[in-house]
Amino acid sequence: MHVSVALQLQDQLVAWRRDFHQFAEPGWTEFRTTSAIITVLRDLGWDTVYGPELHDADARLGVPGADVLGAERERAVSQGADPELVEAMGDGFTGVLGVLETGRPGPVVCFRFDIDSNDLVELADDSHRPFLEGFTSVNEGAMHGCGHDGHAAIGLGLATTLTKLQDELGGTVKIIFQPAEEGVRGAHSIVAAGWFDDVDLFVATHLMANGEKGAIVTGADGYLASTKFDVTFTGVGSHAGGDPEKGKNALLAAASATLNLHAIPRHSAGASRINVGTFHAGEGRNVVPRTATLRVETRGESSEINEFMFDRAQDVIAGAATMYGVEYEVTVVGKADQESPSPELLPNIRDSFLGVHGVSAISDTSGIGGSEDATAMMKRVKERGGLATYVQIGMDTSWGHHTERFDVDEDMLAVGVEAETKIALGAGEFLAGR
């Protein structure tokens, strides 16, 4: 019965995914996406938590300015979002928590699906299926290039199947549709608001490109701890020919910092990374630059290694500012810890994927190299004695994540729904037997 319920949703899963893809929205601006998800959850009879109630406002990271948020709210309404829901989301309090209370004893089981898009210009070419079939992003500079449109569809499919099978459930099911995963920004404020303080079993999910179709990883490990930060150097402008000695050159400070950030020694205890991704400075060729900005990230195989890289980066930035007599400010706009899946949970996840139509192989671990803020959710669940993991679902795709050609293998959507339905249904018995 569970198989048929999931597979019967295939057309609806594809429709949801393509709708989210066409109306891609970057982090903290997912107003239309959130509105659509709330509408489906309410129709299913789920309780919904959204807006400022979902977040600890002080714990949000990397939120766009008021002008961006205002324009995105207007666009979302023009594209069909419920105006009242958009208003309730205010200044970027996007995302939604769906809650199904069974009224029967049992654990609190939580699933997380991210919903934000990337800052990408999608390929407009017949070789790209979304373009050929008419569902490329209509929002300039925003594209679902990582599969979060598929994740949101899986989450709604899971809510639909569990509604139909709720007589077989005990306890409480939570589904988090998380904003702003890109830049590892959106999880922290939801965790800080306390929504994971009662969770006994937690599963995050990601569709993975360029892999074996149907290959499942029950406990993806190796996500790097990371800190994303912006640096602003502020100097003094002057005429570059008439009185250059009166200037304090912010561009040179930023250039010195850029070179020396990349010269920070790597850590012997494990992988470490640093990257200056953008550098903007100056106003004209005959003006000593008075401002410069960098967008930087550090990463580490452990949280301690990442902290080492971030601390050294701040030393370098301070030194560059002193060298050129300018002021500076460092603003953290995203962060992620390293957190490993609970080993004792993985056999249960493996059993849930066994026999699922479309699954070709199952393994328990994989190396990643990227970073994920779902680790903040995993960490909180484990801190209070719960179990947590991160599941990957392999897709056969021609292009990788964060590219203008990325596309989701839609056959894998039902795989996620079916297996995670089984996880929810079996959670009570599994946890009781620990």
Side-chain angles (χ1 to χ4, degrees), residues 26-29 57-72 74-75 91-92 118-121 140-142 180 182-185 226-267 272-300 305-335 371 402:
W28 299 123
T29 70
D58 293 335
R60 292 197 301 163
L61 296 172
V63 181
D67 55 340
V68 172
L69 293 171
E72 295 286 348
E74 290 181 8
R75 183 173 72 180
D91 291 332
N118 304 88
D119 296 329
L120 284 170
V121 177
E140 184 178 359
E182 299 295 346
V184 288
R185 297 174 287 162
S226 183
T227 304
K228 321 291 187 186
F229 57 99
D230 296 341
V231 186
T232 301
F233 293 95
T234 304
V236 176
S238 67
H239 194 291
D243 48 12
E245 75 282 0
K246 295 180 180 178
K248 295 185 183 297
N249 197 314
L251 183 153
L252 291 180
S256 176
T258 297
L259 292 173
N260 287 289
L261 285 168
H262 282 275
I264 293 174
R266 298 305 181 256
H267 204 289
S272 55
R273 307 277 192 273
I274 190 163
N275 189 60
V276 178
T278 69
F279 182 149
H280 297 283
E283 298 167 282
R285 75 174 69 249
N286 62 348
V287 180
V288 172
R290 58 191 173 96
T291 61
T293 59
L294 304 177
R295 296 171 69 187
V296 193
E297 66 171 19
T298 60
R299 300 185 197 241
I305 293 173
N306 178 63
E307 193 64 29
F308 164 82
M309 296 297 291
F310 182 52
D311 287 346
R312 289 294 295 117
Q314 292 180 92
D315 292 341
V316 167
I317 291 161
T322 298
M323 184 184 304
Y324 289 94
V326 303
E327 303 296 321
Y328 76 95
E329 182 178 12
V330 175
T331 304
V332 174
V333 296
K335 61 182 180 179
S371 301
H402 295 204

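As the structure is a prediction and not an experimental result, all values here were calculated from the model.
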Sidechain-backbone polar pair: [X] side chain, [Y] backbone, donor-acceptor under 3.5 Å:
| X | Y | result |
| --- | --- | --- |
| T258 | A254 | yes |
| R312 | I264 | no |
| S226 | T298 | yes |
| S238 | D243 | yes |

Taking all heavy atoms of [X] and all of [Y], pick out the closest pair and write down the distance.
| X | Y | value |
| --- | --- | --- |
| A320 | A253 | CB-O, 3.4 Å |
| N260 | S256 | ND2-O, 2.8 Å |
| V121 | G141 | CG2-CA, 4.3 Å |
| L61 | W28 | O-NE1, 2.8 Å |
| V288 | A240 | CG2-CA, 4.1 Å |
| H267 | S272 | N-OG, 3.1 Å |

[X] vs [Y] side-chain heavy atoms within contact, under 4.5 Å:
| X | Y | answer |
| --- | --- | --- |
| I305 | E307 | no |
| L69 | T29 | yes |
| I274 | R266 | yes |
| R290 | E283 | yes |

Calculate, to the nearest 0.5 Å, the distance between atoms [atom1] and [atom2] belonging to [X] and [Y] respectively.
| X | Y | atom1 | atom2 | answer |
| --- | --- | --- | --- | --- |
| I317 | T232 | CD1 | OG1 | 10.5 Å |
| N306 | D311 | CG | CG | 9.0 Å |
| R299 | M309 | CZ | CE | 12.0 Å |

- K228 meets the salt bridge (charged side-chain N to carboxylate O under 4.0 Å, His left out) criterion, sequence neighbours left out, with E297

- Decide yes or no on side chain to side chain donor-acceptor pair (under 3.5 Å) for T331 and D230, but give the supporting numbers first. CA-CA 5 Å; T331 304; D230 296 341; over 6 Å; no

- Query: Do V332 and T227 pass the side-chain contact (heavy atoms from CB on, under 4.5 Å) test, and can you show the C-alpha distance, the side-chain angles, and the key distance before you say yes or no?
  - Reply: CA-CA 7 Å; V332 174; T227 304; 4.1 Å; yes

- Residues F233, Y324; criterion ring pair (Phe, Tyr, Trp, His ring centres under 6.0 Å); working and verdict: CA-CA 10 Å; F233 293 95; Y324 289 94; 9.3 Å; no

- Message: Please determine whether side-chain contact (heavy atoms from CB on, under 4.5 Å) holds for the pair E327 and K248, giving the CA-CA distance in whole Å, both sets of side-chain angles, and the decisive distance to 0.1 Å.
- Response: CA-CA 10 Å; E327 303 296 321; K248 295 185 183 297; over 6 Å; no

- Taking everything shown except R60 itself, do over 12 heavy atoms lie less than 6.0 Å from its CZ? yes

- Query: Within a reach of under 6.0 Å around CZ of R295, are more than 12 heavy atoms found that belong to other residues, nucleotides or ligands?
  - Reply: no

